[in-house]
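Notes follow the structure.
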There are 2 protein chains.
Amino acid sequence: MLPNYSASEENYIKNIYHLQQGTGYVTTNELAATIKAKPASITDMLKKLKAKKLVHYEPYKEFQLTVQGKKVALGIVRKHRLWEYFLVEKLSFGWDEVHEIAEELEHITSKKLIDQLDSFLDFPRFDPHGDPIPDSNGKMNAVQQILLTELPEQKKSVVTMVGSQSTPLLELLKHKSITIGSTVEIKKKFDFDESLELLIDGENTATISKQLATVLFVKPV
Amino acid sequence: MLPNYSASEENYIKNIYHLQQGTGYVTTNELAATIKAKPASITDMLKKLKAKKLVHYEPYKEFQLTVQGKKVALGIVRKHRLWEYFLVEKLSFGWDEVHEIAEELEHITSKKLIDQLDSFLDFPRFDPHGDPIPDSNGKMNAVQQILLTELPEQKKSVVTMVGSQSTPLLELLKHKSITIGSTVEIKKKFDFDESLELLIDGENTATISKQLATVLFVKPV
DNA sequence: AAATAAATTTAGGCAAACCTAAAAAAAAAT
DNA sequence: ATTTTTTTTTAGGTTTGCCTAAATTTATTT
Ligand SMILES: [Mn+2]
Ligand SMILES: [Mn+2]
Ligand SMILES: [Mn+2]
Ligand SMILES: [Mn+2]
């Protein structure tokens, strides 16, 4: 039986999980930035998580989740994404306003609750941001998606995911009418600043910055 | 704008609300018993709630919620009961297994979440235990219901509510096949121990103790 | 009206989860 | 190879919400 962890512990575990998707390792400062706490607090928690065998950690070294830690992380990610799907599909929330609420709901402890919710939602495989939802065993589908910057010109694609949920980003996407499921095609690439001219949903044309293009994931069609 | 309160503060407020439904006042020991904390902890919290103008409290005296405190309490009760309704009607939980989960869900903060949930559920007026659900302004329907002990003999009635959600009670009710919505009729009253012989759903007959009869609310039909 | 019992509060502590400031270690620059 | 900068940890505090034990107040008996 898995023990229960505090909401704070769960947030640390989940954030370590996401950060280590890159290089496999996470640093104290990185985690401090995403959790919005001071590095000293991160060190405190790392000691607790190590004592509970959830992270591999040695002082002054990078760290990563243990197998057990990864299992816990996937459980939280599953809850987060299922709740997001519920909020959008059943409660008519916009996909840009569900993250904060799911951040709270993901800490509700009942296993039966989440499995019944999964069933009620008909076992969705992707959340409203295009991220895959782990099943009750922690397995999830990988998405075959690429960064918009890697898409060839004149090739139609569908937006599957955004690499961040920051409010400024979501605001910009809303303004440009880009959403998960939008069809986008690169009409022109500008070498000067690497900005892109896009055709969105076959209708309107918009120019987007390199910064924006590097957080948009698409699936070529 | 209402400030946000911690889950612990909310639990105190909600429990004071329920306890003061009787005499209008609550004592330290009563609250300690329902919250499952020691009396000294209750005193601690009462000072904090008084500082926030949520309770009227003077040392060594009984206490009660302020108008503001009652408003907060109704908001929590609303969330608790809407979530219970959701769990039973949408996620196929039994009405005897939703209380604990709602105890957690009631502390999720988003106002929009709860109003959208209300709408998704089609504005239910009673929770699975027969308790009325406050609307978004804190108003709720009173139920015209009486204690089973007050029901005249040979008068058909419907079970509307149980006065407690303790596990031993729910277990007993399950065993006797008594549930919210069951039809019950008193066939005979025994003066010796005030036990009652009941006809349940017009089918089976069962004898119930005085203790049980005083937590069962019914609506005569 | 005391004496006793029960209820409540005060005093002092503890664990979780954060903080700031200072020390130590590791990495980068000279 | 030093020196400097950056990163991380340690040391010592704070707040919240709980605890036990002792003191105080209120209620009940005798
Ligand atoms: Mn969270
Ligand atoms: Mn998401
Ligand atoms: Mn609760
Ligand atoms: Mn209920």
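Worth knowing before you read on, the calculation uses all heavy atoms, side chains too, and leaves out hydrogens, waters and symmetry mates.
Within 4.0 Å (heavy atoms only), Phe63(A) reaches no atom of the nucleic acid at all.
Distances shorter than 4.0 Å separate none of the side-chain N or O atoms of Tyr5(A) from OP1 or OP2 on dA17(C). Listed pair Thr27(A) / dT7(D) fails the phosphate criterion, with no side-chain N or O lying under 4.0 Å from OP1 or OP2. Close to dT10(C), at under 4.0 Å from its OP1 or OP2, lies a side-chain N or O of Lys47(B). Taking side-chain N and O atoms only, Ser8(A) has no distance below 4.0 Å to OP1 or OP2 of dA16(C). Of the side-chain N and O atoms in Tyr57(B), one or more sit less than 4.0 angstrom from OP1 or OP2 of dT9(C). Contact annotation: Ser41(B) side-chain N/O to dC18(D) OP1/OP2 distance is not under 4.0 Å. Between dA6(C) and Asn29(B), no contact under 4.0 Å exists linking OP1 or OP2 to a side-chain N or O. Ser6(A) has no side-chain polar atom (N or O) that falls below the 4.0 Å cut-off from OP1 or OP2 of dA16(C). Regarding contacts with the backbone of dA16(C), every side-chain N or O of Lys48(A) stays at 4.0 angstrom or more from both OP1 and OP2.
Taking atom CD on Glu30(A) and atom P on dT6(D), their separation rounds to 17 Å, with Å as the unit. Atom CG in Asn4(A) sits about 15 Å away from atom P in dA16(C), given to the nearest Å. Distance CG (Asp44(B)) to C1' (dC14(C)): 13 Å, rounded to an integer number of Å. Computed from coordinates, the Lys61(A) NZ to dT8(D) C1' distance equals 13 Å when rounded to whole Å. In this structure, CG of Leu31(B) is placed 11 Å from P of dT9(C), rounded to the nearest angstrom. In this structure, the CD1 atom of Ile42(B) is 16 Å from the C1' atom of dT10(C), given to the nearest Å. To the nearest angstrom, P of dC18(C) lies 9 Å from CG of Asn11(A).
Counted by atom type alone, Gln145(B) and Thr160(B) present one or more donor-acceptor pairs between their side chains at under 3.5 Å. With hydrogens and angles left out, the side-chain atoms of His80(A) and His99(A) include a donor and acceptor closer than 3.5 Å.
Each of Lys38(A) and Tyr60(A) has a nearest nucleotide on DNA chain C; the 5'-most of these lies closest to Lys38(A).
Note that the NE2 atom of His56(A) and the NZ atom of Lys50(A) stand 10.0 Å from one another [nearest 0.5 Å].
Using a 4.5 Å heavy-atom cutoff, the side chains of Tyr5(B) and Lys52(B) are in contact.
Taking the centre and axis of the six-membered ring of Phe120(B), the NZ or CZ atom of Lys90(B) falls inside the cone set by 45° and 6.0 Å.
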